[in-house]
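First listed ligand is number 1; within each ligand, the first listed atom is number 1.
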Amino acid sequence: MAVDIVILAAGKGTRMRSRLPKVLHELAGKPLLGHVIDTARQLNDSTLSVVVGHGAELVRQRFPDPDIQWVEQGEQLGTGHAVLQALPHLRAEATTLVLYGDVPLIEAETLATLVELVRDDSLALLTVTLDQPTGYGRILRNADGRVTGIVEEKDATPAEKLIREVNTGVMAVPAGKMAAWLPTIGNSNAQGEYYLTDLIAIAHGEGLTVATHQPASAEETEGVNSRAQLQVLERYFQRRIATRLMDSGVTLADAGRFDCRGQLSAGEDCFIDVNTVFEGTVVLGAGVRIGPNCQIRNATIGDGATIKANTVIEGPVTLAAGVEAGPFARLRPGTVLHEGARIGNFVEIKKADIGTGSKVNHLSYIGDAVIGSGVNVGAGTITCNYDGVNKFTTTLHDGAFIGSNTSLVAPVTVGAGATVGAGSTVTRDVPAGELTVARGKQRNITGWQRPVKQQKD
Ligand code: UD1
Ligand code: CA
């Protein structure tokens with residue numbers, strides 16, 4: 001069925017106390033509105049209109065996507081008025097589905113089910129039953145249990161306030177009816193607003209059926225009005241991802257201390273310790289172990305790799321099977337580690353291709369480098385890749401051995417099997433198989449006396 005989706009996002013969000021429009025606040029690293037848009041896009045044969053008002057320009061800029069029709073609502077005169085602004089974009093034969101930019105956890109499956117309930121002579125309303133219904137519009141039903149209308153909290157009688165079935169705001173209506181009814185809605189109510197919810201009584205009055213559906217979980221329909229609510233929804237969302245991962249064969253040390261702000265996929269038997277943050281797109285092979293307190297962004301990590309505690313990965317990076325990194329390693333964009341390579345503590349790697357089984361174990365900076373297999377880079381080795389203007393490449397061929405505290409002044413190449421003595425400053429290429437020592441010669445001065453402390457008068 002063709003569906004025209006209208007997302008209401010014009011409100012100010014005063015309680016966020018923010019310069020940022022509410023719908024741009026992020027949940028799991030993505031704006032609230034982004035979650036709703038992505039979910040809406042999962043519906044087949046649909047169009048997307050977003051009603052904006054407060055901070056309209058900022059919101060539009062954040063979503064340059066060509067499939068979004070932007071609708072401006074200059075003054076926020078109520079939810080009915082908001083949808084009215086979108087009418088010109090609604091196809092007469094389609095179903096109109098109303099969503100909210102600040103209700104981010106709604107699931108596509110729930111929406112699909114709701115839309116299925118719409119007929120020429122019936123519309124569909126998403127409701128939930130709450131122990132604490134205060135603040136929500138209450139669903140009015142007659143003796144036969146048929147929905148007859150919605151009454152807002154501020155307009156409700158004490159008896160109506162006892163009703164626990166509430167309006168989530170999400171509804172699906174034949175567009176033709178929407179177009180006929182919306183302009184007839186008035187604003188004589190406690191808030192002086194044009195209530196979208198008035199459609200329900202009109203529909204009932206005209207003999208239509210108002211079908212209702214409840215989501216699998218009430219979280220789906222919770223809105224964000226404050227930062228406290230945002231945090232609650234963040235935790236729901238993270239719990240969802242954590243559960244999905246565990247179901248797919250990943251062990252989490254603590255599902256309550258797991259954060260994914262992007263797309264994470266994992267093979268079987270991965271282990272993820274506490275407080276690791278995943279961002280962007282991260283792909284873990286099978287049997288990957290991630291230690292505590294890591295930050296991992298845009299990375300592909302092969303089978304059996306181990307990322308030890310406090311490692312920061314700022315990809316794109318590609319780590320092959322059996323790689324080890326950390327503790328306290330930093331892997332920056334363009335890092336490629338081949339099978340079994342090992343990066344140890346306090347090592348920074350940037351734009352470097354490091355071959356099979358090679359090791360950079362301690363306190364090094366390796367940038368703009370091509371390193372072969374079986375290379376050992378000693379503690380404190382620095383690639384001097386930058387002359388203040390340009391970047392240059394360091395190449396270490398297979399089996400090279402770089403002594404500790406070596407500076408490799410790029411562009412420079414160390415040949416296969418060559419050895420560089422500790423403390424060298426290498427400015428010229430090193431031939432294969434040879435030993436290079438490029439440092440001041442040691443002098444031992446006999447009879448030297450340490451200075452003695454002078455007396456002050
Ligand atoms: C609305 C429903 C209420 C329901 C509740 C669920 C109405 C009249 N009431 O109440 O039955 O229980 O949602 O949360 O619909 N908005 C605009 N333009 C406007 C007014 C609102 O874009 O002119 C947007 C707001 O940004 C907000 C959403 O619509 O995201 C809801 O508006 P709000 O005024 O907060 O409605 P509620 O009082 O929550
Ligand atoms: Ca609200």
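For atom 27 (C) of ligand 1, the choice among Leu125, Val6, Asp102, Val170 with the nearest heavy atom turns out to be Asp102. Nearest to atom 1 (C) of ligand 1 by heavy atom, out of Met171, His81, Glu152, is Glu152. When Thr79, Asn225, Leu99 are ranked by how near their heavy atoms come to atom 36 (O) of ligand 1, first place goes to Thr79.
Taking Thr251 as the reference, Phe271 meet the side chain to side chain contact (heavy atoms under 4.5 Å, CB included) condition, with sequence neighbours excluded.
Of all atoms in ligand 1, listed by their number and element, those nearer than 4.0 Å to a heavy atom of Thr168 are 6 (C). If you number the atoms of ligand 1 from 1 as listed, the ones under 4.0 Å from a heavy atom of Gln76 come out as 18 (N), 19 (C), 23 (O). The contact set between ligand 1 and Ala9, taken as ligand atoms under 4.0 Å from a residue heavy atom, comprises 22 (O). Atoms of ligand 1 found under 4.0 Å from any heavy atom of Tyr100 (numbered from 1 in listed order, with element): 28 (C), 29 (O). Listed by atom number, the atoms of ligand 1 under 4.0 Å from Tyr195 heavy atoms are 8 (C). Each of the atoms 3 (C), 4 (C), 11 (O), 12 (O) of ligand 1 lies under 4.0 Å from some heavy atom of Gly137. Short contacts between ligand 1 and Leu8, defined as distances under 4.0 Å to a heavy atom of the residue, involve ligand atoms 22 (O), 24 (C), 29 (O). Using a 4.0 Å cut-off to heavy atoms of Ala10, the atoms of ligand 1 that qualify are 17 (C), 18 (N), 22 (O), 26 (O).
Glu222 and Tyr236 share a donor-acceptor pair across their side chains, judged by distance under 3.5 Å alone. Defined by atom type and a distance below 3.5 Å, a donor-acceptor pair is missing between the side-chain atoms of Arg138 and Thr157. For the residue pair Glu193 / His81, no side-chain donor-acceptor distance below 3.5 Å is found, with atom types taken as modelled. Judged purely by distance below 3.5 Å, without hydrogens or angles, the side chains of Asn385 and Tyr365 pair a donor atom with an acceptor atom. No side-chain donor-acceptor contact under 3.5 Å links Lys154 and Asn189. With 3.5 Å as the limit, one finds a donor-acceptor pair spanning the side chains of Gln214 and Thr129.
Only the backbone of Leu77 comes within contact range of ligand 1, with a heavy atom under 4.0 Å; no side-chain atom does.
Ligand 1 does not have Val166 within reach: every non-hydrogen atom of the residue lies 4.0 Å or more from it.
Any N or O atom pair closer than 3.5 Å counts here, and Gly78 shares at least one such pair with ligand 1. Residue Ala82 has no N or O atom closer than 3.5 Å to an N or O atom of ligand 1.
Here the options are Leu33, Val71, Ile5, the test is side chain to side chain contact (heavy atoms under 4.5 Å, CB included), and the partner is Val50; only Leu33 passes.
Identified under the salt bridge (Lys or Arg N to Asp or Glu O under 4.0 Å) test for residues 206-216, with sequence neighbours left out: none.
A salt bridge between Arg91 and Asp4 is present, with a side-chain N of the basic residue lying under 4.0 Å from a carboxylate O of the acidic one.
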